[in-house]
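Report on the following structure.
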Amino acid sequence: MDLRPTGVLAGVLPAVQRPHARLAVLDISEYYSETSGGVRTYLDAKGRFVANRPTLRRTLVVPGRYDAISEAPGDRTYRLRGPAIPFHSYRFLLATRSVARIIAHERPDIVEIGSAYFVPWVVSRARRRHPATVAWFYHSNIPRLVAPDLEHGGRFRPAIARAVGAYVNRLGRLADVTLAASNFAATDLASWGVEHVERVTLGVDTVRFNPSRRAQRPAVLAALCVTDGPLVGFVGRLASEKQVDVLLRAWPAIERRTGATLVLVGDGPQASRLRALAGGLRVRMVSYEPDRDRLANLLAACDLYVSPAPYETFGLAVCEALASGVPVLSVDHGAGAELVRGARTGGLVPRGDSVALAEAAIALLESDLAQDRVASRAYVERHHTWEAALINLFDVYARLRR
C-alpha cells in the first residue's frame with residue numbers, strides 16, 4: 001500500500017548537502033507521536049547525542065498529520081502524512097515511495113526500524129532498490145500485547161500468541177539484526193525463533209531525573225491536593241498489559257495501613273475502567289504529562305514507585321524513577337524486574353498477585369528507605385545514562401555497517 005507524497009515531499013528533497021559523517025543512521029518508527037512515551041524519549045535522546053558529535057549523522061522518519069521536514073545539528077526529521085491508528089495516539093506510515101526516496105537521498109549506513117506495523121515492510125520494499133543494513137529494535141512485546149497471559153489462556157489465547165510469534169519471527173528475518181534492551185526481551189525473541197539478536201540497553205536523562213528535585217515535593221503535593229501521608233506513583237500507558245488494575249485492587253489495604261496516596265500518570269484505553277476502580281480511594285489520576293520537567297518533579301516527590309507490568313521490554317519509567325532516587329516495587333517478570341534486581345532496592349512480588357503487592361508495598365512504606373534512595377540513583381548512574389547507552393549502541397552500529 002502506498003500514499004503519493006504530498007506537501008514538501010511532492011517536490012525535490014532537501015538540496016542542502018549534509019556534512020560527511022563517519023556513521024549515518026536513519027530511524028523510522030510509527031511509535032512516535034505527541035503523547036508517546038519510551039520510544040519517543042529514546043529517539044529524542046539519540047538526536048541530542050548526535051548533535052554533539054560531528055562524526056555522526058541521524059535522519060528520523062515518522063508519521064504525522066501532514067508532510068514536513070525539519071533540521072537540527074546533525075539531525076533531519078521527515079514527517080510523512082499517515083492515517084491515525086484507531087484507538088491509539090500513533091499513525092500508520094504507509095508512504096513506500098517517499099521512504100525509498102528518503103533512503104536514497106540520505107544514504108544511511110544503518111536503518112533502524114522502531115515499530116512493528118507497516119514500517120518493516122515499507123523498509124523491506126525500499127531496500128530492494130537502495131541496500132542498507134537494517135536493525136529492528138524490539139520495543140514492544142507484541143505477542144504479550146495480543147495475549148498478555150498466554151501461559152494461562154485456555155485453548156485459544158496460546159494459539160493466537162503463536163500466530164503473532166510467527167509474525168515476530170518474520171519481522172526478525174526482514175532485518176539483519178534485532179536489538180533487545182533486556183534479557184527478558186532477548187529470551188522472548190529466542191522463544192519465537194528470532195535469530196541474530198543483539199543485546200543493548202536504554203538510558204535516562206540523569207540531569208533531569210534527579211533526587212535533587214525532591215525539593216519540589218511540597219509544590220507537587222499541593223498540586224495533587226495531598227496534605228499528608230506517603231506518595232506512591234505509576235507512570236505509563238493505561239492499557240491492559242500494564243496490569244494497573246492489580247495495583248488498584250491492592251490499594252485499599254495499602255491506603256488503610258499507610259495513609260498513602262497513589263498517583264497514576266498517563267492515558268490509554270483502560271482509563272475509564274481504572275477510574276471506576278479508583279472511585280472512593282486516595283488515588284489521583286493525571287493525564288499524560290508532556291512536560292518532562294514536571295514529570296521529573298512528580299517522580300522525585302514519590303516515596304515509592306510501583307510497576308505491576310510484567311511484560312516490559314525495558315521499563316523506561318522504572319529506570320526514571322530509580323534515577324530520581326525512588327525505590328521501585330515491581331513484579332518478578334519482565335524487564336522491570338531486571339532493573340529492580342540490578343539496583344538491589346525496592347522489591348519484587350509475583351505478577352498478578354494483588355495481596356502480595358499490598359503486603360510488600362506496606363512493608364516498604366513502613367521502613368526506612370533512605371539507603372534505597374541512594375542505591376537506586378547510584379545504579380542508574382553506573383549503568384543507564386543515555387551517554388553510556390548510546391555510545392554502546394553506536395558501537396553496535398559500527399560493527400554492523402557493511
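The figures that follow rest on heavy atoms only: side chains count, while hydrogens, waters and symmetry mates do not.
Just one of Y42, F314, Y90, Y31 meets the ring pair (Phe, Tyr, Trp, His ring centres under 6.0 Å) condition when paired with H139; it is Y42. The side-chain contact (heavy atoms from CB on, under 4.5 Å) test with W136 singles out one residue from V119, V177, V111, I113, and that residue is I113.
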How far apart are the C-alpha atoms of Y288 and R237, what are their side-chain angles, what is the distance that settles it, and do they pass the side chain to side chain donor-acceptor pair (under 3.5 Å) test? CA-CA 8 Å; Y288 172 84; R237 188 165 180 263; over 6 Å; no

Verdict with supporting geometry, Y311 and H333, side chain to side chain donor-acceptor pair (under 3.5 Å): CA-CA 7 Å; Y311 308 121; H333 196 260; 5.5 Å; no

Apply salt bridge (Lys or Arg N to Asp or Glu O under 4.0 Å) to residues E387 and R48 and explain how you reach the verdict. CA-CA 10 Å; E387 180 83 4; R48 291 190 296 271; over 6 Å; no

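Looking at R91 and Y32, their side chains never bring a donor and an acceptor atom within 3.5 Å of each other. At a cut-off of 3.5 Å, with distance as the only test, a side-chain donor of Y78 or E106 sits close to an acceptor on the other residue.
Using cut-offs of 30° and 60° on the angle between ring planes, the pair W121 and Y167 is tilted.
Within the 3.5 Å criterion, the main-chain N or O of T313 finds a donor-acceptor partner in the side chain of S182. A donor-acceptor pair under 3.5 Å is absent between the side-chain atoms of S98 and the main chain of A95, judged by distance alone. Judged by distance alone, with hydrogens and angles left aside, the side-chain atoms of D303 form a donor-acceptor pair with the main-chain N or O of L231 at under 3.5 Å.
Atom CZ of R65 has 12 or fewer heavy atoms from other residues, nucleotides or ligands within 6.0 Å.
Pairs engaging residues 272-282 under the salt bridge (Lys or Arg N to Asp or Glu O under 4.0 Å) rule: D228-R282, D245-R273 [sequence neighbours left out].
Counting only heavy atoms from C-beta outward, the side chains of V61 and L26 approach each other to under 4.5 Å. Between F49 and L56 there is a side-chain heavy-atom pair separated by less than 4.5 Å.
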